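For the numbers below, each heavy atom of this structure counts, side chains included, while hydrogens, waters and symmetry mates do not. Only a predicted model underlies this, so the values are computations on that prediction, with no experimental measurement involved. Here is the naming used below: chain letters follow the sequence lines, and residue numbers restart at 1 for every chain.
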Protein chains: 2
Amino acid sequence: MCFMERGYSATSIDDVARRLGATKGRIYHHYPSKADLFADVFRTGMQFSFSSVEPLSKGPERAIERWKKMARAHATGMIRTRAFQRVVWEGVELHLKGATTPEQRDSLGRLIAHRERYARLFRTTIEEARRDGDMQFSLTGIAEELMFSALNSPVFWYSPRAGETDSDIKELVDQIVSFALRGLGGKEGSKNE
Amino acid sequence: MCFMERGYSATSIDDVARRLGATKGRIYHHYPSKADLFADVFRTGMQFSFSSVEPLSKGPERAIERWKKMARAHATGMIRTRAFQRVVWEGVELHLKGATTPEQRDSLGRLIAHRERYARLFRTTIEEARRDGDMQFSLTGIAEELMFSALNSPVFWYSPRAGETDSDIKELVDQIVSFALRGLGGKEGSKNE
DNA sequence: GTCTATATACTGATAGAC
DNA sequence: GTCTATCAGTATATAGAC
């Protein structure tokens, strides 16, 4: 499933096949419909994010430091896989509107549940940070939306500059995470690492 | 041009005509293509935002208070016209990718210029606030993107609750603006008004 | 100016040869 | 399992009657 890192929705299934170096027949042999293809891609992407962030939430550091690492990993992932993330965004917007066939309900349901589990990683870590006195807020629904809006935003506005290094991206990510942290009401303590 | 406040892209031109109470012929009599229709709608929406925010940038208050009013007006507008804004977003994403016909280049160019003027309203006001000592940051490109990401975000996550009052929305907007202000590094001074 | 066909092109999905 | 047709539906856009 490593094939598509650029985009398929709003680009036809013919395009997908072409990029894969094959034809539609192959795709429809594996997936009954385009929506199912999308669900699989979406799930793969979510699992990738989850498995890169989840370990960070269990580290030995203070909760706020764990949150910072998680947020950095998330934002960095968004930048690195932005083309993919855009497609996911588009697909979610599309399939959430379209009256999903009843048979695809639980497929969509599982996807949403997975996203919820992912959000919970951040929520519980922030709750710990609040108990540590490093955050003034608990993560209400709105605050959570605002936090992810900031961390996800580079998906839409980032575009690589010529000769950009990894350390440039690291600095970019630091700005994003700092913005979100300050926004949430956290203290921007010592620069670790 | 008051006709569409909900959505037209990804909903066909037939739908637009139906909602207008007419047929395709009329639309194609006024606009040479769907892209031109979109450009006109987009421009109208931008001018609406601009004309509601621009006066606020010229008030007598301290710059940071003007910025707060501007940000509140912007966020409130995003919530109130979220369906429209979603369509605009979708259309921009679509038309920015598609190899625009050379004849529509300057149409798109003017649109981008208008958006740039709008962003400048916020930038100059924040610059003044920085000189007043109320902001630590000047508004770099990244900070600007993050700010608008936060202020625009309710377009995607807000949905009205049953029995929601204007004052509920006001509180919501306050949370959004506070998040953005803190994120930018501003002091969250006295609650005015 | 507005409506009713209709041309043209593209998409998701299917059937059947190999 | 993979490819080559091909169907059916829908979209933008156009031509011509009124």
Colleague: Regarding A/E127 and A/R123, does a basic nitrogen lie under 4.0 Å from an acidic carboxylate oxygen?
Modeller: no
Colleague: The side chain of B/R26 is closest to which nucleotide in this list: D/dC3, D/dT12, C/dT2?
Modeller: C/dT2
Colleague: Whole Å only: how far is the CD1 atom of A/I13 from the P atom of D/dA8?
Modeller: 20 Å
Colleague: How do B/G21 and B/K24 order along DNA chain C: which one's closest nucleotide is nearer the 5' end?
Modeller: B/G21
Colleague: Using whole Å, report how far CZ of B/R18 lies from P of C/dT2.
Modeller: 19 Å
Colleague: Picking from D/dT2, C/dT2, C/dT14, which would you name as closest to the side chain of B/H29?
Modeller: C/dT2
Colleague: Side chains of A/D132 and A/I64: does their closest heavy-atom pair fall under 4.5 Å?
Modeller: no
Colleague: Of the listed nucleotides (C/dG12, D/dC3, D/dT12), which one gets closest to any side-chain atom of B/Y28?
Modeller: D/dT12
Colleague: What orientation do A/F50 and A/H114 show, parallel under 30°, tilted 30 to 60°, or perpendicular over 60°?
Modeller: tilted
Colleague: Between A/D15 (CG) and C/dG12 (C1'), how many Å, whole number?
Modeller: 13 Å
Colleague: When the distance from NZ of A/K34 to C1' of C/dC10 is rounded to whole Å, what number comes out?
Modeller: 12 Å
Colleague: Could you tell me how far apart A/Y31 (OH) and C/dT14 (P) are, to the nearest whole angstrom?
Modeller: 16 Å
Colleague: Counting only side-chain nitrogens and oxygens, does A/H30 get under 4.0 Å of the OP1 or OP2 atom of D/dG1?
Modeller: no
Colleague: Taking the basic N atoms (NZ, or NE/NH1/NH2) and the acidic carboxylate oxygens, is any pair closer than 4.0 Å for A/K68 and A/E61?
Modeller: no
Colleague: What is the distance from CD1 of A/I27 to C1' of C/dT11, rounded to the nearest Å?
Modeller: 13 Å
